[in-house]
Amino acid sequence: MGEIFDINAVFTSIPRLLEVLPVSLQITAISMIVGLVFALLFAIIRMKKVPVLSQLVTVFISFIRGTPIIVQLYLTYNGIPLLLKFINQQYGTDYNINAVPAMLFVLVTFAFNEAAYNSETIRAALQSVNKGQIEAAESLGMTYLQVLRRVIVPEALVVAIPPLGNALIGLLKGTSLAFVAGVIEMTAQGKIIAGSTFRFFEVYLALAIIYWVMTIIIEQLLRYLEKRFSIPDPVQQTINGGGWFNWGRRGI
């Protein structure tokens, strides 16, 4: 009779799981970047109340927030082939439905899921910027895009980093659902290893340790970014020897 728990199986599973870590990181990074771009676009559309688009974005965000991501993954997995089939029938094209890479379904699903959730975070961060600073920048002749790039986004970034960091951690853990579309990431690799060794608990424990360590690394990175982009308190800066206090001493 074998051992109930084999600690060696945990440590031998970790290197095999790490072989597909780049796949999980690739899904996380691409989905987050694309999602943030769309999230910023959605937030601006809603803030500017663009006719029709604002209503469409509101419905889209409500739909994404109201449905499980695994259902969204199934919809994408089955919906994109149907769309290609429709295009082939309507326009006489010859797109190969079977040639669509599984990674595409995953990236589309996760990117739009992140866009929907992060657009609310970004909208709140953008609205937290002092309107007086925006008006001052506009009075200098800046266009809205220049104000957005030089004033609004840098200040909103400080507010948005903590919630976006939580979203990034959630996204990394959510990549474990990518196996639904046939992508071999860490969880799928864990299932394969566990199926061949019958050490399910040990393999999933190794998987949990990897996700835990990755989360700690991301948390440390976010703390660094928070400090890096934080705006110093003018009052504290003055007390610590900044502008006014030093000016006063020089004046004396």
Side-chain angles (χ1 to χ4, degrees), residues 1-36 64-65 67-85 95-118 164-222:
M1 183 176 178
E3 297 178 1
I4 295 177
F5 176 76
D6 184 2
I7 187 67
N8 289 327
V10 177
F11 292 108
T12 55
S13 298
I14 288 178
R16 297 179 64 186
L17 291 170
L18 289 177
E19 289 175 2
V20 291
L21 175 62
V23 178
S24 298
L25 294 179
Q26 182 185 16
I27 297 171
T28 304
I30 295 177
S31 300
M32 194 67 186
I33 293 170
V34 176
L36 284 177
I64 294 294
R65 291 166 65 94
T67 53
I69 189 170
I70 192 168
V71 175
Q72 297 164 20
L73 197 53
Y74 281 129
L75 286 174
T76 308
Y77 188 71
N78 293 283
I80 290 179
L82 281 180
L83 178 63
L84 290 177
K85 190 176 180 181
Y95 294 118
N96 187 358
I97 297 171
N98 296 322
V100 179
M103 182 64 84
L104 179 66
F105 303 122
V106 174
L107 293 177
V108 169
T109 304
F110 281 91
F112 279 103
N113 186 274
E114 287 301 306
Y117 276 94
N118 291 336
L164 290 181
N166 290 332
L168 181 63
I169 291 172
L171 175 59
L172 174 66
K173 292 184 288 187
T175 58
S176 61
L177 295 174
F179 73 90
V180 170
V183 174
I184 306 297
E185 41 65 59
M186 285 199 298
T187 302
Q189 180 80 337
K191 286 177 176 291
I192 294 170
I193 297 171
S196 62
T197 62
F198 297 102
R199 287 291 180 182
F200 290 91
F201 181 79
E202 289 86 344
V203 173
Y204 289 132
L205 179 60
L207 189 62
I209 291 172
I210 293 174
Y211 276 116
W212 183 33
V213 172
M214 291 301 300
T215 300
I216 291 173
I217 293 172
I218 293 175
E219 285 177 345
Q220 294 302 317
L221 179 62
L222 291 171

Visitor: Kindly indicate whether the side chain of Q26, heavy atoms from C-beta on, has any atom under 4.5 Å from the side chain of M103.
Guide: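 Yes, side chains in contact.
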
Visitor: Counting neighbours of CZ on F5 that are heavy atoms of other residues, nucleotides or ligands and sit closer than 6.0 Å, is the number greater than 12?
Guide: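 Counting neighbours around CZ of F5, more than 12 heavy atoms of other residues, nucleotides or ligands fall under 6.0 Å, so yes.
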
Visitor: Measuring only between side-chain heavy atoms, which start at C-beta, is T175 closer than 4.5 Å to V183?
Guide: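 No, side chains not in contact.
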
Visitor: Could you tell me whether the side chain of L172 reaches within less than 4.5 Å of the side chain of I218, counting heavy atoms only?
Guide: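 Yes. Closest side-chain heavy atoms under 4.5 Å.
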
Visitor: Within this structure, what is the CD1-CD distance for the pair I27 and E185, rounded to the nearest 0.5 Å?
Guide: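 I27 CD1 to E185 CD: 6.0 Å, rounded to 0.5 Å.
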
Visitor: Quick one: pull up CG in L21 and CE in M186 and give me the separation to the nearest 0.5 Å.
Guide: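 Here the interatomic distance stands at 5.0 Å.
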
Visitor: Looking at every non-hydrogen atom in both residues, tell me the closest pair between P15 and T12 and how far apart they are.
Guide: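 Looking at all heavy atoms of both residues, the closest pair is CD-O, 3.4 Å.
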
Visitor: Quick one: closest heavy-atom pair of L222 and G165, and the distance?
Guide: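 L222 and G165 have their closest heavy atoms at CD1-CA, 3.2 Å.
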
Visitor: Just checking, is any N or O donor in the side chain of E114 or S31 under 3.5 Å from an acceptor N or O on the other one?
Guide: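 Checked: E114/S31 side chains show no N/O donor-acceptor pair below 3.5 Å.
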
Visitor: Please tell me if the side chains of I14 and I210 come closer than 4.5 Å, counting only heavy atoms from C-beta onward.
Guide: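 Sidechains of I210 and I14: in contact.
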
Visitor: Report the distance from atom CG of L73 to atom CG of N113, rounding to the nearest 0.5 Å.
Guide: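 The CG atom of L73 sits 10.0 Å away from the CG atom of N113.
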
Visitor: Do Y74 and V180 have side chains that approach each other closer than 4.5 Å (heavy atoms only, starting at C-beta)?
Guide: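 They are in contact (side-chain heavy atoms under 4.5 Å apart), so the answer is yes.
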
Visitor: Evaluate side-chain contact (heavy atoms from CB on, under 4.5 Å) for E3 paired with R199, printing each intermediate quantity in order.
Guide: CA-CA 10 Å; E3 297 178 1; R199 287 291 180 182; 4.2 Å; yes

Visitor: So V23 and I184, side-chain contact (heavy atoms from CB on, under 4.5 Å) or not? Walk me through it.
Guide: CA-CA 8 Å; V23 178; I184 306 297; over 6 Å; no

Visitor: What's the separation between atom CG in N166 and atom CG in L171, rounded to the nearest 0.5 Å?
Guide: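 Taking CG in N166 and CG in L171, the distance rounds to 12.5 Å.
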
Visitor: Taking atom types as modelled and ignoring hydrogens, do the side chains of T76 and T109 form a donor-acceptor contact shorter than 3.5 angstrom?
Guide: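 The answer is yes; a qualifying pair exists.
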
Visitor: Which residues pass the side-chain hydrogen bond (donor to acceptor under 3.5 Å, both in side chains) test with Y211, sequence neighbours left out?
Guide: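 Partners of Y211 under the side-chain hydrogen bond (donor to acceptor under 3.5 Å, both in side chains) test: T187.
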
Visitor: CG of L168 to OG1 of T215: how many Å apart, nearest 0.5 Å?
Guide: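 With rounding to 0.5 Å, CG (L168) is 9.5 Å from OG1 (T215).
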
Visitor: With a 6.0 Å cut-off (strictly less than), is the heavy-atom count around OH of Y95, excluding the residue itself, greater than 12?
Guide: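 No, the 6.0 Å shell around OH holds no more than 12 heavy atoms from other groups.
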
Visitor: Stepwise, does the side-chain contact (heavy atoms from CB on, under 4.5 Å) test hold for T28 with F110?
Guide: CA-CA 8 Å; T28 304; F110 281 91; over 6 Å; no

Visitor: Look up atom OG in S176 and atom NZ in K191, then write down how far apart they are to the nearest 0.5 Å.
Guide: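 Here the interatomic distance stands at 9.5 Å.
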
Visitor: When the ring planes of F200 and Y204 are compared, do they come out parallel, tilted or perpendicular, using 30° and 60° as the limits?
Guide: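 Ring orientation of F200 relative to Y204: tilted.
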
